[in-house]
Asks: 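For reference, the structure I am asking about is given below.
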There are 2 protein chains.
Amino acid sequence: MRRASIKDVAKAAGVSTSTVSYVLNQKSSESISAQTTQRVWEAVRTLNYVPNLNARSLTSRRTNLIGVVIPQTEPGKEFMFSNPFYGELLSAIEYTARRNGYHLLLSGPEPDQSYVGIARNRGVDGIIIVGSYPTKSLSELHQLSVPVVLVDTYVKDPVFHTIGIDDRLGGLLATRHLLEMGHRRIAFVSGSISEQGVTQKRFLGYMDALSEFSLALDERHLYLGSVSFEFAQSVAQEMERRGNRETAAFATADIMGMGLIKGLRHMNRTIPDDLSVVSFDDVDLARMSDPSLTTIHQDIAQKGISAVEMILAAADGHKEKQESILPIQLMVRDSVRRIDPNQESGAF
Amino acid sequence: MRRASIKDVAKAAGVSTSTVSYVLNQKSSESISAQTTQRVWEAVRTLNYVPNLNARSLTSRRTNLIGVVIPQTEPGKEFMFSNPFYGELLSAIEYTARRNGYHLLLSGPEPDQSYVGIARNRGVDGIIIVGSYPTKSLSELHQLSVPVVLVDTYVKDPVFHTIGIDDRLGGLLATRHLLEMGHRRIAFVSGSISEQGVTQKRFLGYMDALSEFSLALDERHLYLGSVSFEFAQSVAQEMERRGNRETAAFATADIMGMGLIKGLRHMNRTIPDDLSVVSFDDVDLARMSDPSLTTIHQDIAQKGISAVEMILAAADGHKEKQESILPIQLMVRDSVRRIDPNQESGAF
DNA sequence: TGTGATTACTGAAACGGTTAAGTAATTGCC
DNA sequence: GGCAATTACTTAACCGTTTCAGTAATCACA
């Protein structure tokens, strides 16, 4: 008992498959009598017919499929989405896509042929790539003539649509806030700094802020690892070990901010009394945290919505390259306290 | 400059399309000379050819696509995944699927034709449904002859593969722990209790535990709303308003446990001193929370892995209905304190 | 009343693949 | 040396859909 095909419908309605197709697609250029139209719809109903979109895409050259590639945040870790940022982003993408008649083809990066797999062999109408990847895979993508939206990726090549925020400004705002609150020895806690990733920009912002206050970069304040709760948690001990007496930290993701807080608490330190923390992203978690995190807010949902809209526009023939930089904002909450800049001792 | 098709390869290699197809699929039943094989592969390489999986599925009747339906946790909310549980689960599903050569078609429930859309018109090889849905849509699904795995859904009809945990036992373990720690007035904080959802079972477990201690259900201790941080947060005030003097609460999801904690803290109450909390799921968040949550642990990743494996088995012809109940475990952390059962006053 | 439009359809090719059946050439075997 | 089996392909049908190019019938009109 197979799924009914258009042929079954045609037979049941006593017409040709082309007629059925015309009825289904309501082409105004074709004229079909009201009688026939009704007979076709009846057949569709009784046979419980649904068009096969895969077959349709064969001729229409449109799949109504958007590929979404989300990275494993941590190379050693099996599962992605360890950062809730991705969950929130994906939600927005899925919702927007579905509203516009698109489905989502979800994939992590494929080990062998980078991440163009779904684009190439599924013929997606567009592909949204979140995060940074080796440049060579990006150039691969360019050869496919498929709209690509890069989210949170920095590339010089102005070939792809991009959407992101001003990460450097974010780093500046975060660090400046700490400086204005009197902090001078500020840890920089992040994942590894890659060429195309957001972290590098946030780091530049960190340095910008130091410059504003005529401070030199002290590499001993850099704590680089992976974007994960666990790593950030371990940084607390590392800070003590190094003995740099930081009074504040800028963590480049909310989960890292939370990890830091947790790590400090294990050492019986409290936030913000022993260490002020500013983080980045403003995921739901940031508000839920205790103390709630002072963080750089970005509109994660809007990022997803815009990404889909760019694909839709490109699929509708708009050729111009689009580039969107969403606003960000410092959210002052409870994880930073003001100190006397001349006070000599930090928590460590 | 279109994508190369199998015809282009055939022309370039000077053979028929069938030969190319045989080379590509390495059918041992067909004999192709080493020479020809090499020429075909060369053509494939120079033309950068990748088979179109959509076209292939037309004849092979296999799409290598698994549909995943994840609910909007909250009817009024636009975006799903507000509960990190879904992110963790989806991660595991995606990873396992990709490892086995499958891609994921992600969808929220479709407003009009429930959620069978992707199954019907994309011809997925299997569909994983997370959470509970109206029964009528389920019966719809049954008519498609596609393997279906129901995750965290209770249905009497033993038609679908299912995977879940013993939610009733979980409710029992959570509540019993609170009772053993001396609590007698225990709030039940959850989303709405639906027929097929997990909440109902957890509620039954809550009642089981009360029975064990010869306590009657007091409906004043029930706080039902939506599975969200925000609702749980608001429950804190509601508890005070009602004045039932609860000393503990069982929240049926970790985010609700966290919301509760936050809500109480806003009222200058502390956990677990003023209220002990046990929650459910043990998402990463639960460990990160402060105080870390005493919660019912379940292996979320395994849930996803098993779901995919069930689909794979079914796609390979295994017809028997599979049913998996994963173990759970009470994780004792820092959100519960022992009190004297005879002490008369709770926090409220 | 013949002509050109319009209406209401159908036939067939095409999309990119797979595969059963057929064919020609070579090989194995007695 | 003749026949069957094997090797190495090709042809053609088919999967489910769209769409261009017909075709036949009706209609409008001078």
Side-chain angles (χ1 to χ4, degrees), chain A residues 1-41 43-44 47-65 119-125 144, chain B residues 1-41 43-44 47-65 119-125 144:
Chain A
M1 208 182 76
R2 261 187 27 266
R3 274 173 59 180
S5 82
I6 199 172
K7 283 180 195 170
D8 302 319
V9 177
K11 192 175 295 175
V15 295
S16 69
T17 61
S18 5
T19 304
V20 177
S21 178
Y22 288 132
V23 170
L24 262 48
N25 298 305
Q26 327 237 44
K27 291 263 172 187
S28 55
S29 60
E30 286 296 319
S31 46
I32 307 287
S33 73
Q35 258 205 31
T36 306
T37 301
Q38 203 196 319
R39 280 222 314 286
V40 168
W41 281 117
V44 164
L47 291 175
N48 209 5
Y49 168 76
V50 176
N52 179 332
L53 294 189
N54 292 101
R56 174 177 289 173
S57 72
L58 216 52
T59 48
S60 69
R61 302 187 159 291
R62 259 179 154 255
T63 53
N64 275 50
L65 235 32
R120 304 204 55 190
N121 52 33
R122 297 280 180 198
V124 296
D125 290 342
L144 282 52
Chain B
M1 210 179 78
R2 261 187 26 267
R3 273 175 59 181
S5 82
I6 199 171
K7 283 179 193 169
D8 302 319
V9 176
K11 191 176 295 176
V15 295
S16 70
T17 61
S18 10
T19 303
V20 176
S21 179
Y22 287 132
V23 170
L24 261 48
N25 298 306
Q26 327 239 42
K27 290 262 171 186
S28 55
S29 61
E30 284 297 319
S31 46
I32 307 286
S33 72
Q35 259 206 29
T36 306
T37 301
Q38 205 195 318
R39 280 220 315 287
V40 169
W41 280 118
V44 165
L47 291 174
N48 210 6
Y49 168 74
V50 176
N52 179 331
L53 295 188
N54 292 104
R56 177 178 285 171
S57 72
L58 217 51
T59 47
S60 69
R61 300 180 164 295
R62 258 178 153 257
T63 53
N64 275 52
L65 237 33
R120 305 203 56 190
N121 51 32
R122 295 281 181 196
V124 297
D125 290 342
L144 283 52

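Side chains are part of it too, since the values below use all heavy atoms of this structure and drop only hydrogens, waters and symmetry mates. Letters A, B, ... are given to chains in the order of the sequence lines, protein chains preceding strands, and every chain is numbered from 1.
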Asks: What is the distance, rounded to the nearest whole Å, between atom CG of A:Leu53 and atom P of D:dC15?
Replies: 19 Å
Asks: May I ask you to check whether A:Thr19 and A:Ser16 show a side-chain donor-acceptor distance below 3.5 Å?
Replies: yes
Asks: Within the sub-3.5 Å range, which N or O atoms of nucleotides 20-25 of chain D have a protein N or O partner, and how far apart are they?
Replies:
{"unit_1": "D:dC20", "atom_1": "N4", "unit_2": "A:Tyr22", "atom_2": "OH", "d": "2.6"}

Asks: In this structure, which one of B:Asn52, B:Val44, B:Val20 forms a side-chain contact (heavy atoms from CB on, under 4.5 Å) with B:Ile6?
Replies: B:Val20
Asks: Just how far, in rounded Å, is C1' of C:dG16 from OH of B:Tyr49?
Replies: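 It works out to 7 Å between those atoms.
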Asks: For A:Arg56 and D:dT19, give me the distance from atom CZ to atom P, rounded to whole Å.
Replies: 9 Å
Asks: Which residue, A:Ser31 or B:Ile6, contacts DNA chain C at a nucleotide closer to its 5' end, judged by nearest heavy atom?
Replies: A:Ser31
Asks: Is A:Lys7 close enough to D:dC15 that one of its side-chain N or O atoms is under 4.0 Å from OP1 or OP2 there?
Replies: yes
Asks: Can you tell which of C:dC15, C:dT10, D:dC15 lies closest to the side chain of A:Ser16?
Replies: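 Nearest listed nucleotide: C:dT10.
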Asks: Under the side chain to side chain donor-acceptor pair (under 3.5 Å) rule, collect the residues that match up with A:Thr37, sequence neighbours excluded.
Replies: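 A:Thr37: no side chain to side chain donor-acceptor pair (under 3.5 Å) contacts found.
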Asks: Describe, as an angle rounded to 10 degrees, how the axis at the first end of the helix from C:dT1-D:dA30 to C:dC30-D:dG1 is tilted relative to the axis at the last end, five pairs per end.
Replies: 50°
Asks: Measure CD/A:Gln35 against P/C:dT7 and give the value in whole Å, please.
Replies: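 For the pair A:Gln35 CD and C:dT7 P, the rounded distance is 17 Å.
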Asks: What's B:Ser33 touching, base or sugar-phosphate or nothing? Going by heavy atoms closer than 4.0 Å.
Replies: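 Counting heavy atoms under 4.0 Å across all strands, the contact made by B:Ser33 is with sugar-phosphate only.
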Asks: Answer yes or no: does a side-chain N or O of A:Thr59 lie under 4.0 Å from OP1 or OP2 of D:dG16?
Replies: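 No, no such contact exists.
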Asks: For A:Leu24 and D:dT19, give me the distance from atom CG to atom C1', rounded to whole Å.
Replies: 14 Å
Asks: May I ask you to say what A:Asn25 touches in the nucleic acid, namely base, sugar-phosphate or nothing, with a heavy-atom cut-off under 4.0 Å?
Replies: sugar-phosphate
Asks: Rounded to the nearest Å, what distance is computed from the CZ atom of residue A:Arg61 to the P atom of nucleotide D:dT19?
Replies: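 Taking CZ of A:Arg61 and P of D:dT19, I get 12 Å after rounding.
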